[in-house]
Amino acid sequence: MPATSPAFEAVGITKVYRMGEVEVHALRGVSLRIWDGEFVVILGPSGSGKSTLLNVLGGLDAPSAGVVRYRDHDLARADDRALTAYRREHVGFVFQFYNLVPSLTARENVALAAEIATDPLPAEEALGRVGLSERLDHFPSQLSGGEQQRVAIARAIAKRPDVLLCDEPTGALDAATGRSVLEVLDRVNRELGTTVAVITHNASIGGMADRVVRMADGRIAAEIRNERRVSAGEISW
Amino acid sequence: MRALTRKLSREILRTRGQGIAIAALVACAVATFVGAVTTWRALQRTRDVLYETHRFPHVFAELVRAPEALASRLAALPGVAAVETRVMTEALVDIPGLPDPASALLRSVPDEGEPRLDRLHLREGRSVSPGAADEVVMSEGFAKANRIRPGDRISAVIDGRWKVLRVVGVGGSPEHVFTVRPGGILNDDLHYGVLWMSRRALAAALDLTGAFNAVGVRLAPGAREEPVIAGIDRMLAPWGGRGAYGRDLQTSHRLVTDEIGQMKVMATTIPVVILGVAAFLLALVLSRLVATQRMQVGTLKALGYGDGAVGGHYAAMALVLVAAGTAVGVAGGYWLGSSLSGMYARYYRFPAILYEAEPAVGLAAAILAAAVALVAVAGAVRRAVRLAPAEAMRPEAPPTFHPSWLERAGLGRLLSPAGRMVLRDLGRRPTRAALSALGIGAAVACTMVAAFTRDASSTLVDHEFGRVAREDLAVHFTQALHAGAARELRSLPGVWDVEPFRAIPASVESGHRRHRIAVLGLDPGGRLHRVVDARRGGVEIPPAGVVVSRRLAGKLQVGPGDPIRLVFQDGARRSAEVPVVALVDDLVGLQVVMDREALNRIAGDGSLVSGAYLAIEPGASGDVGKLLRRMPRVGGVALADATRSSVERMMEDSLLWFTGILTLFAVLISVGVVYNGARMALAERERELATLRVIGFTVGESWRIAVGELAVQVVAGLPVGWLAGWGFVELTVWATSSDLMRLPAVVTLANAGRATAVVVVAAVVVALWSRRWLSRLDLVSVLKAKE
Ligand SMILES: Nc1ncnc2c1ncn2[C@@H]1O[C@H](COP(=O)(O)OP(=O)(O)OP(=O)(O)O)[C@@H](O)[C@H]1O
Ligand SMILES: [Mg+2]
């Protein structure tokens, strides 16, 4: 599966938050490669730096030191304008809280992202891929949590992003709903070839991945490559 | 409670931008209120004190000549408390260093003791010595404009004789707080003033020894004016009485009193508008605070804080802002009031303006502002108090949205999702959007009123001097002369054109309604001095019948075709009934105008002229003035250009701060409304905007969505503002129009355009500024938080 050169390459990145006198080391030298089309699950205890890493990879945050590249984009040294362009062209985000725009319907929330992309999926198709063809014209307040999360995924994939970064996408959902969301992510990865990175606290989700990255105390503690990816339906909660 | 106080101060600090905007508006409202109220009270107090201490008469009369013995009979009229007879005349004067002809009202000062009525107050020097034939006291404005000090010499033509006079004092009296020519309204301190002179000396010069030609009367407390006026008229009629009149027709009194009235209007209208906008913003900020702090309210209640503590907490927040604004406003108001008083002191010659920074006015403003604030935040506070703790701890139900009616009408397809966000948010809070638009409208209206006052004043001056009184000089004879006098003027070198006029004091009557005015007779087809309607232009002088100011016609309740009665109070004292031919919308004073020959015919004393309007060679006014001084019957000369520039200077002076302040208020209102709107939009939309940024919207793109709603409100507010501005203009015209002056309701496109530009620029600047907040938005932390 690994191609010749990785999509993401992070070398020795650190992230230090300064809060007055106190320095919080969120990342203490993380080196990581992610290849195109990979499905990566990031596990680790609370505060171990998972979100920080994902945000750096997604261009939401810059590392304090180290090198991060996405293909030919230097993410560590890019300015806000370049990072915005990078997110716009390449990255889809999914968060624990769905962050849908309450005044827009499912279709319009997706169209919002499609609008600024060069070759977007039609909103209907993106919603079809997450199994919400029937709910196009519903407002977020009329959808369940799982459905809202699927709209958020549809919105993320409508831009045909190269990578989909998900920070605890199932964190607020029950087992059945969570599985349906994971199924969607799996399908996006297989059918569209999108690189997917998922942060979770549920170790069994790691079974779905090509590779599991374990973080502890701002470092990568272990990397495990799975021989076989289990389907979302087989995951215990 | 201490922790709650700390929470309060942190929140005020956190929302300080909005707090400052609100406090600034409150400060403006309070400052205008305090400034205007203390100023009108100061003017009123000053006027009333001067009138009492210096014994301002209640009734005035002029006549040809009556024996002094008549005075005791006048004093015996029921209701009369005091009488003082006078001698006075108009005269041409020569002031060193002043090339143009000037004129003055010469008034007598009794030789024995102080004047009983209309006492002099001296700014410099002393009063005239009894019987001194060459001493005068000069009115302050006249002296200041010509830099005359006690000891300086001037000369005057009194009854045809040249006299050198020594100025011994500079001062004023209640009848001349504002100095204008008899029958005039617009002043020219450089070329006109009052000279007080010994009664004996002036009477001797005028051949009025043992006689008088004017009288002032003070009424007994509680006495009615009309029977006294009627009694005086009856008694003076055989002596050439020109009709007694009360204070309402005394020009100086009217001008001072109208000014006080206008201050009162300003003290009420402007603060109400500004306070209204401040109240709206306060309500907005507090409602939002309570909405976002639901959980905190619930927690506080769960901890055992009572309703009073919770309600008080939020009410206190409003009161702190208002208190800060009020403190600044009261201080600013006292400053404004004292500088306004200083400005008035330049035009209204009081001994001193008794300005007081009255604490009661500041207190009233504070109470008013606090009351308005409490009413404004009552809804939000009630919501906080009413929240049941258990319910409050649950997050508010997610807002429900619907496609807006525009979309249902099929226009939705034209809009991008971003456009729909804007539209639906507006639809969800229509009241707030409407109030914001109203706030913008108020700002536009304020600017329009400011521009209007300026435009209207210059239109008035242009109308009066460019269309009505186009003469270079107006010459008044001391008495009506044969028409030959006008021909004599025509023959003077440097005089190009002469248009004679006749003016006869009369009582104009319709039924029981009457008005005392000088009926003006003009020759038809005149080019120098015309009757001009502000809207319809020049009005023909009809061969018979009169043209009447619309305002006067309203008072007399007559219209075109109705007859009115003219009871002349001069010459043969005839009376006649004439038809009203046309009404004229004029701007300065009131007028009853007819054909000069027709007027002379019904007056029955021959073909006479009272004076003439002159067109002269440019630059010849000095030479013509010298020649006029040799003509014994010329009493007064008015220079149109000098009067015009004097009026313009005065308007400039008073309008400068007025328009400046109103424009400042308008900018503050628009900045306040837009700033609060932007803050609110950003706070409420933080999450959405962060999401947009994460998806890949640039700062600019997401900013456009955030300010889209504001843009719609501003655009919606503009027509509201134009309409309201127009309404305010009409209101101002109505509230400020008087017998003396009426501002024309001019609202030009340029005016509305400028007002729009001021407000839009203010809004755009704030909106651009708000971009900074967006670029500083911490995407990660916003999205990490639970909804
Ligand atoms: N904005 C910030 N300022 C200061 N410290 C921060 C900030 N963001 C994160 N941190 C700290 O950095 C460390 C790593 O945080 P991060 O959010 O990456 O952890 P995480 O692994 O995602 O945890 P969780 O599983 O709880 O989401 C933590 O100790 C956190 O307190
Ligand atoms: Mg995290």
Side-chain angles (χ1 to χ4, degrees), chain A residues 17 26 51-52 54-56 58-61 80-105 107-118 123 137-143 145 148 152 155-156 158-159 161 165 167-168 171-172, chain B residues 395-404 407-408 412-413 415-429 681 684-706 708-709 771 774-787:
Chain A
Y17 290 106
S51 297
T52 307
L54 202 75
N55 292 340
V56 167
L60 286 180
D61 214 345
D80 184 65
R81 180 185 298 271
L83 285 180
T84 302
Y86 160 66
R87 290 200 301 270
R88 192 169 180 144
E89 285 165 32
H90 303 290
V91 190
F93 275 99
V94 178
F95 294 97
Q96 177 178 2
F97 309 111
Y98 330 114
N99 293 324
L100 297 180
V101 176
S103 60
L104 296 181
T105 61
R107 189 208 307 260
E108 290 160 353
N109 261 287
V110 177
L112 196 58
E115 219 182 30
I116 57 166
T118 36
D137 292 319
H138 286 87
F139 285 95
S141 60
Q142 298 165 319
L143 299 171
Q148 288 187 50
R155 187 175 65 187
K159 294 192 296 185
L165 304 176
D167 195 340
E168 300 186 42
Chain B
E396 201 163 5
T400 40
F401 282 90
H402 306 283
S404 62
E407 294 169 78
R408 272 176 266 142
R413 248 161 303 149
L415 286 171
S416 64
R420 288 180 214 185
M421 280 171 74
V422 171
L423 209 64
R424 287 177 197 165
D425 276 321
L426 282 168
R428 206 162 74 83
R429 294 207 179 83
E684 279 169 354
R685 295 257 183 92
E686 209 173 37
R687 205 179 186 85
E688 285 176 29
L689 294 171
T691 303
L692 293 175
R693 294 279 288 119
V694 167
I695 289 175
F697 278 67
T698 60
V699 172
E701 285 163 342
S702 41
W703 170 77
R704 275 199 282 284
I705 294 176
E709 196 174 337
R771 229 183 116 113
L774 243 171
S775 59
R776 284 204 223 117
L777 194 63
D778 183 347
L779 306 182
V780 177
S781 67
V782 171
L783 295 175
K784 189 159 74 178
K786 196 163 157 41
E787 264 174 271

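As the structure is a prediction and not an experimental result, all values here were calculated from the model. Below, chains carry the letters A, B, ... as their sequence lines are ordered, and counting in each starts from 1.
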[atom1]/[X] to [atom2]/[Y] distance, rounded to the nearest 0.5 angstrom?
{"X": "B/Ile705", "Y": "A/Leu112", "atom1": "CD1", "atom2": "CG", "result": "6.0 Å"}
{"X": "B/Thr698", "Y": "A/Leu83", "atom1": "OG1", "atom2": "CG", "result": "13.0 Å"}
{"X": "B/Arg420", "Y": "A/Thr105", "atom1": "CZ", "atom2": "OG1", "result": "7.0 Å"}

Exercise: identify the closest heavy-atom pair between A/Ser103 and B/Arg424
O-NH1, 2.8 Å

For [X], which atoms come within 4.5 Å of any heavy atom of chain B: side chain, backbone, both, or neither?
{"X": "A/Gln96", "answer": "neither"}
{"X": "A/Ile116", "answer": "side chain"}
{"X": "A/Arg155", "answer": "side chain"}
{"X": "A/Ser51", "answer": "neither"}

Kindly indicate, with the supporting measurements, whether the criterion side-chain contact (heavy atoms from CB on, under 4.5 Å) is fulfilled by A/Val101 and B/Arg687.
CA-CA 8 Å; A/Val101 176; B/Arg687 205 179 186 85; over 6 Å; no

Decide whether B/Arg693 and A/Thr84 meet the rule of one side-chain donor and one side-chain acceptor closer than 3.5 Å.
yes

Would A/Leu104 and B/Met421 count as a side-chain contact (heavy atoms from CB on, under 4.5 Å) here? Give the steps.
CA-CA 6 Å; A/Leu104 296 181; B/Met421 280 171 74; 3.5 Å; yes

A/Glu115 vs B/Glu701, test: side-chain contact (heavy atoms from CB on, under 4.5 Å). Steps then yes/no.
CA-CA 12 Å; A/Glu115 219 182 30; B/Glu701 285 163 342; over 6 Å; no

Could you walk me through whether A/Phe95 and B/Thr691 pass the side-chain contact (heavy atoms from CB on, under 4.5 Å) test, one step at a time?
CA-CA 10 Å; A/Phe95 294 97; B/Thr691 303; over 6 Å; no

Counting distance only, does the side-chain N/O of A/Arg87 pair as donor-acceptor with the main-chain N or O of B/Ile695 below 3.5 Å?
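Not confirmed, A/Arg87 side chain does not pair with B/Ile695 backbone.
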
